[in-house]
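Here is the structure we will look at.
Residue indices begin at 1 and follow the sequence shown. The shown structure was predicted, so the numbers you read here are calculated from the model rather than taken from an experiment.
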Amino acid sequence: MTLLVALILLPIVGSVVVALLRGHAAAAKWTALGFSLVELVIAIAAWVAYDPTGPRLQLTSSVEWIPAFDIRLSLGVDGIALVMVAVIALLTPLVLGYSWGERLPAGRTHGGFFSLLLLEQALTVAVFAATDVFLFYVLFEIMLIPMYFLIGGYGGENRTYAAVKFFLYSFLGGLIMLASAIGAYVYCAQVTGRGTFDWATLVPVLSDAPTSVQVWLFLGFFTAFAIKAPLIPFHTWLPDAAQQAPIGVAVIVVGVLDKVGTFGFLRYSLPLTPQASQLLAPLVLVLAVLGVLYGSLQAFGQTDFKRFIAYVSIAHFGFIALGVFAFTSQAQVGAVSYMINHSIATGMLILVIGMVISRGGSTRIADYGGMAKVTPLLAGTLLIAGLSTLSLPGTNSFISEFLVLIGAFETRPVYAALATVGMVLAAVYVLWMYQRTMQGPVRGDALLGTAGGPGAVTDPNRSGAHRLRVADLGAREIVVLAPLIVLVLALGFYPKPVLDVINPSVAATMSEVGVTDPVTSQGGN
């Protein structure tokens with residue numbers, strides 16, 4: 001059994017065990033956390049075992065599934081997939097730790113909630129690891145099921161609407177992708193006499209296909225990935241899903257699931273349809289820049305914390321798409337590193353905002369103010385998450401945004417210049433949110449201590465029945481946030497370990513597409 005197979009099977013086993021313990025809350029919680037921590041250890045072992053100078057796909061395994069169509073259960077990772085597997089392994093135990101004491105809807109248990117989270121982890125790892133196109137499609141659709149139940153069963157007041165919208169958008173996109181996968185199989189059969197869904201076999205065959213064939217195949221894959229990413233105008237499911245999902249689930253949706261779309265661009269759209277990718281790149285770049293500007297402007301107008309984060313992420317996904325379709329090594333390395341750094345920064349931002357909401361009982365930004373006076377640690381962590389989100393130099397996201405923009409300027413200067421406006425807007429909307437919630441006069445009855453005792457800050461507009469008892473970060477919350485703070489700062493000053501893993505896979509992707517860097521480009525180093 002390879003490490004990759006273990007990374008998929010372990011959370012599945014954990015999901016089953018936790019589900020059987022759903023009537024015993026404490027046992028279910030500790031069991032889920034234990035499985036997720038073992039998963040993290042295996043992910044670290046996989047990172048150590050991966051050789052950036054070795055073959056393109058490593059930790060591989062393959063078993064026959066449907067021999068008549070040459071469909072196999074084939075798994076393997078390159079550097080791009082490996083960093084996303086590592087992110088999933090990191091975020092899952094943190095999400096479990098955050099959700100430890102979360103209030104669930106009536107009739108729901110932590111055992112069921114944690115069981116679904118572990119199952120979602122397994123399926124997401126499998127999606128990034130799949131090297132058979134049909135297997136990828138199946139996993140792309142199946143991973144929607146536990147997320148549908150997580151949002152629809154444990155979310156907010158309008159959770160059913162948000163869950164159905166999330167499911168339908170991604171499911172329909174997957175069906176369109178299936179049409180392209182079948183088209184690739186048929187074309188391969190016509191050219192070679194034997195159809196296959198094996199990614200490594202399809203890449204050289206489809207790269208020589210007529211441009212017209214590639215365009216149709218590209219559009220099918222692109223639609224599914226653009227919905228998942230999401231790019232404008234396929235984005236409307238994300239604000240609803242993020243708003244209604246529990247905080248821990250929102251971390252997975254925004255921090256992990258969305259990356260399946262941008263990963264799909266790099267693994268499937270570009271290598272399988274290289275000519276079409278270059279031909280239609282201007283269209284994608286327009287959508288990417290629109291996403292940066294539209295998401296940034298929409299963030300200003302949000303009154304709800306969760307919708308604010310959703311639109312911030314839409315802007316960031318525009319940067320990632322810009323990096324992918326700029327077709328320079330620097331830009332693509334920046335895009336891939338942005339995928340992992342966005343997961344870290346936005347995952348931390350969502351968790352901290354969840355901690356704010358748990359203290360105030362409201363998701364409305366306007367219901368908060370002056371919290372830094374009574375919760376300085378919470379305010380400090382929100383500031384670090386916000387600075388990482390706006391890509392301040394010295395934080396993890398800066399190098400990613402810098403590489404995307406400097407790489408895109410070489411081939412797409414107009415698009416890069418327009419996207420740069422998004423950097424300015426990010427600084428404004430993040431600091432605007434922080435100022436309103438953490439600075440100024442304290443809003444509400446925020447009590448640091450016993451009600452009416454020392455440290456009480458009163459608001460005459462609130463009755464005693466609505467007074468808030470606010471405590472600073474507790475030990476469990478500090479443990480959850482500490483790894484993310486370390487990564488934000490460590491990768492901000494020393495991103496080389498991640499870039500070394502990413503660079504060879506990006507170089508391979510560029511070679512498969514058949515493009516080379518401009519003379520001035522120095523790659524992602």
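Checking side-chain atoms of Thr411 against main-chain N and O of Ala326 turns up a donor-acceptor pair under 3.5 Å. In this structure, the side chain of Ser343 engages the main chain of Met339 through a donor-acceptor pair within 3.5 Å. Panel note: side chain Gln214, backbone Ala209; a donor-acceptor pair is recorded below 3.5 Å. Thr262 places a side-chain N or O within 3.5 Å of a backbone atom of Lys259 that can act as its donor or acceptor partner. Formation of a donor-acceptor pair under 3.5 Å by the Gln244 side chain with backbone atoms of Ala163 is not found in this model. In this structure a side-chain-to-backbone donor-acceptor pair under 3.5 Å is present from Arg108 to Gly153. Judged purely by atom type and a 3.5 angstrom limit, Glu64 has no side-chain atom pairing as donor or acceptor with the backbone of Arg72. Remark: side-chain polar atoms of Ser337 are paired, donor with acceptor, to backbone N or O of Gly334 under 3.5 angstrom. Of the possible donor and acceptor atoms, none in the side chain of Ser62 sits under 3.5 Å from a partner among the backbone N and O of Ser74. Although no hydrogens or angles enter the test, the distance criterion places a donor-acceptor pair under 3.5 Å between the side chain of Thr389 and the main chain of Ala385.
Between Ser329 and the choices Thr516, Asn503, Asp517, the side-chain hydrogen bond (donor to acceptor under 3.5 Å, both in side chains) rule is met once, by Asp517. In summary, of the residues considered (Ile350, Leu349, Leu351), a side-chain contact (heavy atoms from CB on, under 4.5 Å) with Ile353 occurs for Leu349 alone.
In this structure, the salt bridge (Lys or Arg N to Asp or Glu O under 4.0 Å) partners of Arg267, at least two apart in sequence or on a different chain, are Asp78. In this view, Tyr415 satisfies the ring pair (Phe, Tyr, Trp, His ring centres under 6.0 Å) rule with no residue, not counting sequence neighbours. With sequence neighbours excluded, the residues satisfying side-chain contact (heavy atoms from CB on, under 4.5 Å) with Ile182 are Leu178, Val186. With sequence neighbours excluded, no residue forms a salt bridge (Lys or Arg N to Asp or Glu O under 4.0 Å) with Asp258. Phe69 pairs by the ring pair (Phe, Tyr, Trp, His ring centres under 6.0 Å) definition with nothing, not counting sequence neighbours. Not counting sequence neighbours, Asp132 has no partner by the salt bridge (Lys or Arg N to Asp or Glu O under 4.0 Å) test. In this structure, the side-chain contact (heavy atoms from CB on, under 4.5 Å) partners of Leu175, at least two apart in sequence or on a different chain, are Tyr137, Glu141, Phe171, Leu172. Annotation: side-chain contact (heavy atoms from CB on, under 4.5 Å) contacts of Val215 (sequence neighbours excluded): Thr211, Leu219, Ala276, Leu279, Leu280. Residues that satisfy the side-chain contact (heavy atoms from CB on, under 4.5 Å) test with Val203, not counting sequence neighbours, are Trp199, Pro271, Leu272, Glu512.
Listed by first then second residue, pairs satisfying side chain to side chain donor-acceptor pair (under 3.5 Å) with a partner in residues 27-50 number zero, not counting sequence neighbours. The side chain to side chain donor-acceptor pair (under 3.5 Å) contacts involving residues 311-327 comprise Ser313-His342, where partners must be two or more places apart or lie in separate chains.
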(message) Apply side-chain contact (heavy atoms from CB on, under 4.5 Å) to residues Phe128 and Leu82 and explain how you reach the verdict.
(response) CA-CA 8 Å; Phe128 286 114; Leu82 180 65; over 6 Å; no

(request) Could you give me the CA-CA distance, side-chain angles and deciding distance for Val292 and Leu322, then say whether side-chain contact (heavy atoms from CB on, under 4.5 Å) is met? (result) CA-CA 9 Å; Val292 171; Leu322 171 64; over 6 Å; no

(message) Please determine whether side-chain contact (heavy atoms from CB on, under 4.5 Å) holds for the pair Leu37 and Val41, giving the CA-CA distance in whole Å, both sets of side-chain angles, and the decisive distance to 0.1 Å.
(response) CA-CA 6 Å; Leu37 291 175; Val41 171; 5.8 Å; no

(message) Checking Phe136 against Tyr268 for the ring-ring contact (aromatic ring centres under 6.0 Å, His included) test, could you report, in this order, the C-alpha distance in whole Å, the side-chain angles of both residues, the deciding distance, and whether it holds?
(response) CA-CA 10 Å; Phe136 175 82; Tyr268 295 96; 4.4 Å; yes

(message) Working note: Leu75 + Leu59, criterion side-chain contact (heavy atoms from CB on, under 4.5 Å); need CA distance, chi angles, decisive distance, verdict.
(response) CA-CA 8 Å; Leu75 304 172; Leu59 308 179; over 6 Å; no

(request) Given ring-ring contact (aromatic ring centres under 6.0 Å, His included), test Phe317 with His235 step by step and report yes or no. (result) CA-CA 10 Å; Phe317 280 110; His235 68 286; over 10 Å; no

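Side-chain contact between Ile309 and Thr346: present, with at least one pair of heavy atoms (C-beta onward) separated by less than 4.5 Å. Considering only heavy atoms from C-beta on, Leu94 comes within 4.5 Å of Pro483 through its side chain. Phe222 has its side chain out of reach of Leu283: every pair of non-hydrogen atoms, C-beta onward, lies at least 4.5 Å apart. Using a 4.5 Å cut-off on side-chain heavy atoms (C-beta onward), Tyr185 and Phe134 make no contact. Counting only heavy atoms from C-beta outward, the side chains of Phe319 and Leu405 approach each other to under 4.5 Å. Between Ile80 and Thr509 there is a side-chain heavy-atom pair separated by less than 4.5 Å. Side-chain contact between Ile344 and Val488 is present, with heavy atoms from C-beta onward closer than 4.5 Å. At least one side-chain heavy atom of Ile314 sits under 4.5 Å from a side-chain heavy atom of Ile232.
To the nearest 0.5 Å, atoms CE (Met147) and CZ (Phe166) are separated by 6.0 Å. Note that the CD1 atom of Ile176 and the CZ atom of Phe225 stand 12.0 Å from one another [nearest 0.5 Å]. Atom OG in Ser277 sits 10.0 Å away from atom CG in Leu266 (nearest 0.5 Å). Within the model, atoms CG of Leu270 and CZ of Phe218 stand 7.5 Å from one another, a figure rounded to the nearest 0.5 Å. In this structure, CG in Leu150 is found 6.5 Å from CD in Glu120, a value given to the nearest 0.5 Å. Distance check, rounded to the nearest 0.5 Å: CG of Leu206 to SG of Cys188 gives 7.0 Å.
More than 12 heavy-atom neighbours from other residues, nucleotides or ligands sit within 6.0 angstrom of CH2 on Trp100. In the displayed structure, Arg56 atom CZ is contacted under 6.0 Å by more than 12 heavy atoms of other residues, nucleotides or ligands.
In this structure, a donor-acceptor pair under 3.5 Å is absent between the side chains of Asn341 and Ser397.
Residues Val498 and Val83 share a closest heavy-atom pair of CG1-CG1, 4.4 Å. Contact record, Ile406 with Gln330: CG2-OE1, 3.9 Å, taken as the closest heavy-atom pair. Closest of all the heavy-atom pairs between Ala224 and Gly173 is CB-O, 3.1 Å.
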Only distances under 3.5 Å count here; give the side-chain donor-acceptor pairs of residues 7-16 to other protein atoms, sequence neighbours excluded, each with its distance to 0.1 Å.
residue: Ser15; atom: OG; partner: Ser115; partner atom: O; Å: 2.8
residue: Ser15; atom: OG; partner: Ser115; partner atom: OG; Å: 2.9

